[in-house]
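Below: the structure, in structure tokens.
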Amino acid sequence: MSGGAARRSLATALSRCRALPLREAPGRGLRALCAGGPGALQPPPRRHLSSRNRAEGKVLEPVGVFEVPKPHGKYETGQLFLHSVFGYRGIVLFPWQARLYDRDVTSPVPEKSESAAGHGSKEVKGKTHTYYQVLIDARDCPHISQRSQTEAVTFLANHDDSRALYAIPGLDYVSHEDILPYSSTDQVPIQHELFERFLMYDQTKVPPFVARDTLCAWQEKNHPWLELSDVHRETTENIRVTVIPFYMGMREAQNSHVYWWRYCIRLENLDNEVVQLRERHWRIFSLSGTLETVRGRGVVGREPVLSKEQPAFQYSSHVSLQASSGHMWGTFRFERPDGSHFDVRIPPFSLESNKDEKTPPSGLHW
């Protein structure tokens with residue numbers, strides 16, 4: 001396929017990306033799958049599934065062979081993997097080098113790294129950490145939809161409606177330690193409409209899936225709106241909160257500039273006790289001098305339960321400011337089985353715009 005034809009084909013596929021209103025959408029979630037052993041990758045044994053999760057009589061089939069995870073270094077474009085927390089099959093498109101601000105780790109020796117701004121909290125040193133842009137296998141989306149949004153990567157729309165978004169289904173960001181690599185003899189091992197437009201099979205390569213020119217062009221043109229730069233993490237009473245903010249761009253509204261960010265939050269229960277998220281409490285500070293307080297039930301219309309069987313929940317939401325930067329922080333209130341409550345800190349994180357932005361982004365760039 002010629003470069004022009006490939007771009008037209010890919011543009012056609014992306015033109016079907018779902019349009020979303022710029023507001024908190026109803027939450028979606030994840031059902032974790034697990035590997036069946038050191039050889040073949042497969043969903044968990046039948047005794048671990050309920051009728052709600054899998055139709056009766058469904059045959060479990062191997063999908064590949066596990067490889068040894070890399071404790072260091074990075075995975076290459078085309079690496080197949082199983083998500084260690086949410087269990088879906090996916091494939092690596094390209095890596096991102098992020099700064100991880102982990103408030104659970106103290107550095108005894110000062111490092112040459114940037115610190116994350118916070119309100120009434122300790123200074124935290126950022127360390128380099130690898131994340132990956134990945135495609136999720138469409139066959140797994142129905143199973144993970146109760147634990148993670150599969151339309152969490154959003155762009156500002158390319159028209160006058162400044163409150164419209166476009167989402168690319170099945171696009172995600174995955175931390176290096178969440179990758180469980182595997183190999184497959186299938187030339188199309190992942191079902192996603194962008195798989196064959198972004199990647200092609202080359203049996204002489206390891207892994208045998210290499211980037212097409214369309215993937216390289218898409219990454220380059222959309223880099224400012226896809227880039228993952230800062231990750232913030234903090235644990236309170238065995239509930240770990242990870243926040244990743246993304247700058248989306250600026251729009252003009254009522255003769256003023258409005259700056260938009262999306263933020264992805266992952267909640268993880270590191271204990272065996274079942275807890276349920278009941279309330280959220282946000283504080284949003286703008287460089288213009290305003291301080292906004294937001295309280296509400298649950299998140300994205302849900303009050304997720306975190307248990308040993310389903311320990312994590314991940315969602316994305318959006319925030320806008322009439323200033324080019326600001327900060328957010330807050331708490332989540334959880335409930336224990338005995339009815340008692342406790343607050344979990346949301347690590348403070350910065351909202352920064354692209355200072356060198358010459359023109360506002362216009363959705364998906366080609």
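Numbering of residues begins at 1 and proceeds along the displayed sequence.
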Heavy-atom side-chain contact between [X] and [Y] under 4.5 Å:
| X | Y | value |
| --- | --- | --- |
| His83 | Val174 | yes |
| Val210 | Met200 | yes |
| Val92 | Leu80 | no |
| Pro169 | Cys141 | no |
| Leu291 | Ile284 | no |
| Leu156 | Leu165 | yes |
| Lys70 | His176 | yes |
| Phe198 | His192 | no |

Common cluster, [X]/[Y], ILVMFWY with side-chain heavy-atom separation under 4.5 Å:
| X | Y | answer |
| --- | --- | --- |
| Phe342 | Leu306 | yes |
| Tyr201 | Phe94 | yes |
| Val319 | Leu287 | no |
| Trp282 | Val300 | yes |
| Val294 | Tyr315 | yes |

Please determine if Glu76 and Lys74 form a salt bridge, counting it only when a charged side-chain N lies under 4.0 Å from a carboxylate O.
-> yes
Could you tell me whether Asp137 and Arg139 make a salt bridge, using a distance below 4.0 angstrom between a side-chain N and a carboxylate O?
-> yes
So how far is it from [X] [atom1] to [Y] [atom2], rounded to the nearest 0.5 Å?
| X | Y | atom1 | atom2 | result |
| --- | --- | --- | --- | --- |
| Leu277 | Arg333 | CG | CZ | 11.5 Å |
| Leu351 | Leu321 | CG | CG | 5.5 Å |
| Phe313 | Gln276 | CZ | CD | 11.5 Å |
| Phe334 | Asn238 | CZ | CG | 11.5 Å |
| Arg262 | Ser320 | CZ | OG | 15.0 Å |
| Asn272 | Lys308 | CG | NZ | 5.0 Å |

[X] to [Y] - nearest heavy-atom pair and separation:
| X | Y | value |
| --- | --- | --- |
| Tyr259 | Gln322 | CD1-C, 4.5 Å |
| Ala323 | Ser286 | CB-OG, 3.2 Å |
| Pro69 | Leu180 | CG-CD2, 4.5 Å |
| Gly249 | Trp225 | CA-CZ3, 4.3 Å |

Would you say the rings of [Y] and [X] are close, in the sense that their centroids are separated by under 6.0 Å?
| X | Y | answer |
| --- | --- | --- |
| Trp261 | Tyr247 | yes |
| Tyr263 | Phe246 | no |
| His232 | Trp329 | no |
| Phe349 | Tyr101 | no |

Residue Glu237 excluded, over 12 heavy atoms near CD under 6.0 Å = yes
Is the CG atom of Asp338 crowded by more than 12 outside heavy atoms at less than 6.0 Å?
-> yes
Check the side chains of [Y] and [X] for a donor-acceptor pair under 3.5 angstrom, ignoring hydrogens and angles.
| X | Y | answer |
| --- | --- | --- |
| Trp96 | Gln133 | yes |
| Gln97 | Thr130 | yes |
| His129 | Glu177 | yes |
| Asp202 | Thr204 | yes |
| Arg302 | Gln146 | yes |

Candidate pair Glu196 and Val188, rule side chain to side chain contact (heavy atoms under 4.5 Å, CB included), full reasoning | CA-CA 8 Å; Glu196 291 185 275; Val188 187; 4.0 Å; yes
Check step by step if side chain to side chain contact (heavy atoms under 4.5 Å, CB included) holds for Phe81 and Tyr132.
-> CA-CA 11 Å; Phe81 69 92; Tyr132 300 94; over 6 Å; no
Taken in chain and number order and not counting sequence neighbours, the residues that satisfy side-chain contact (heavy atoms from CB on, under 4.5 Å) with His281 are Arg283, Thr293, Arg295, Thr331
How far apart are the C-alpha atoms of Thr242 and Ile265, what are their side-chain angles, what is the distance that settles it, and do they pass the side chain to side chain contact (heavy atoms under 4.5 Å, CB included) test?
-> CA-CA 6 Å; Thr242 303; Ile265 291 186; over 6 Å; no
Report the hydrophobic cluster partners of Leu270, with the cluster defined as I, L, V, M, F, W, Y residues connected by side-chain heavy atoms closer than 4.5 angstrom, directly or transitively.
-> none
Taking the six-membered ring of Phe332, is NZ or CZ of Arg280 closer than 6.0 Å to its centre and within 45° of its axis?
-> no
Output, in order, the C-alpha distance, side-chain angles, deciding distance and verdict of side chain to side chain contact (heavy atoms under 4.5 Å, CB included) for Leu171 and Ile136.
-> CA-CA 6 Å; Leu171 193 65; Ile136 303 173; over 6 Å; no
Can you sort out the partners of Arg266 under side chain to side chain donor-acceptor pair (under 3.5 Å), two or more places apart, ordered by chain and number?
-> Asp178, Glu268
